[in-house]
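Right, one structure below, let's go through it.
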Amino acid sequence: MISGPSGTGKGAICAGLLEYVNVAVSISMTTRAPRENEVNGKSYYFINREKFEEGIEKGGFFEYAEIYGEYYGTPKKPVLEQLKKGVDVILEIDVKGAMQVREQAPDAVLIFVMPPSPEELRRRIEGRGTETPERIARRLERADSEIAQVGKYNYCVVNGKLSKAVKDIRMIMRSEWHFSADFEEARYFMPSVTRAIHRAGALRVAGDWEKIIERYNAGKLK
Ligand code: 5GP
């Protein structure tokens, strides 16, 4: 699962991860209106509230959340089908949704994507040119409350440079396969994997999260 404030570049990261084999990105359903460059069935499935609520009633969602007054949810069926085929499925969802999924799938890996600084986040959200000033303000406010929850995640990846963030996440995925393999194998791989994560620059969050937030606010995250 990949979370992070809107404007951190999660969409671009997911597109980068799709270049690898055996990786799929779950396409969420939402009731929000499509942005100019968004295609139905690619960025999201855009549906109305009635249809969404029907899906909730039928138990068709892995998780869902109401964000900025709109529904967002992960349809269950396609995710389960891909997992059965041995494909790694990436869910790009908000913190609340990620916590719901973790309850159902405790071995899921949680990655939080951070922008390098609050200034850079504002620049990216404003630079999109698709949001009204009111919506920009709402997104920035929500960003702070999401960032405050980075401690609930297994890893934190800073998206300063897109290609590096994609590589970091790929490294995490590889190492997690080894950790989830049987113990003998895990023991064999562990030292090199730990080194690899260190090299990748992805931070294991446990215990470090207050420092991460401090460095973010000071504009010193790299
Ligand atoms: P945006 O409107 O910028 O595309 O997305 C707004 C927020 O909704 C982001 O934080 C994004 O991660 C989250 N989001 C997108 N799809 C889902 C989903 O299926 N479930 C949940 N819980 N959040 C989602």
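Computed from a prediction, not measured in an experiment: that's the story for all the values here. Remember, it's 1-based here, ligands and their atoms both numbered in the order they're listed.
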As an exercise, identify every atom of ligand 1 less than 4.0 angstrom from a heavy atom of [X].
X	answer
R139	1 (P), 2 (O), 3 (O)
K10	9 (C), 10 (O), 11 (C), 12 (O)
R35	1 (P), 2 (O), 3 (O), 4 (O)
R32	1 (P), 2 (O), 4 (O)
A65	22 (N)
S6	3 (O)

Carboxylate-amine/guanidinium contact [X] [Y], below 4.0 Å:
X	Y	value
E63	R102	no
E146	R142	yes
R124	E120	yes
E38	K42	no
R122	E126	yes

- Flag I67 as yes when one of its N or O atoms lies below 3.5 Å from any N or O atom of ligand 1, and as no otherwise.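 Among all N and O atoms of I67, none is under 3.5 Å from an N or O of ligand 1.
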- Item | Among L110, D94, I90, V95, the one residue meeting side chain to side chain contact (heavy atoms under 4.5 Å, CB included) with M1 |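 Running side chain to side chain contact (heavy atoms under 4.5 Å, CB included) over L110, D94, I90, V95 with M1 returns exactly one hit, L110.
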- Message: Would G73 count as a contact residue for ligand 1, given that I'm defining contact as a non-hydrogen atom of the residue lying under 4.0 Å from a ligand atom?
- Response: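 Distance cut 4.0 Å: G73 passes for ligand 1.
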Starting from [atom], what is the nearest protein heavy atom, named by residue and atom, and what distance separates them?
atom	result
atom 19 (O) of ligand 1	S28 OG, 2.7 Å
atom 12 (O) of ligand 1	E92 OE2, 2.8 Å
atom 5 (O) of ligand 1	Y44 OH, 3.3 Å
atom 2 (O) of ligand 1	Y72 OH, 2.6 Å

- Any chance the side chains of Y71 and E53 put a donor and an acceptor closer than 3.5 Å?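 Looking only at side-chain atoms, E53 and Y71 do form a donor-acceptor pair, the distance falling under 3.5 Å.
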- Message: Quick one about S3 and Y153 (side-chain donor to acceptor, distance below 3.5 Å, no hydrogens or angles considered), yes or no?
- Response: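 S3 and Y153 do have a side-chain donor-acceptor pair below 3.5 Å.
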- Item | Heavy-atom closest contact (N159 atom, G9 atom, distance) |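 Shortest heavy-atom separation between N159 and G9 comes out as ND2-CA, 3.8 Å.
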- Using heavy atoms and a threshold below 4.0 Å, how should the contact between E63 and ligand 1 be classified: side chain, backbone, both, or neither?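 For E63, the contact with ligand 1 is made by the side chain alone.
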- Task: Specify side chain, backbone, both or neither for K96, according to which of its non-hydrogen atoms lie closer than 4.0 Å to ligand 1.
- Result: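 The answer is neither.
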- Message: Going by the closest heavy atom to atom 22 (N) of ligand 1, which one wins out of D94, V95, V101?
- Response: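 It is D94 whose heavy atom sits nearest to atom 22 (N) of ligand 1.
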- Beyond-backbone contact of P115 with Y216, side-chain heavy atoms, under 4.5 angstrom: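 Answer yes - side chains close enough.
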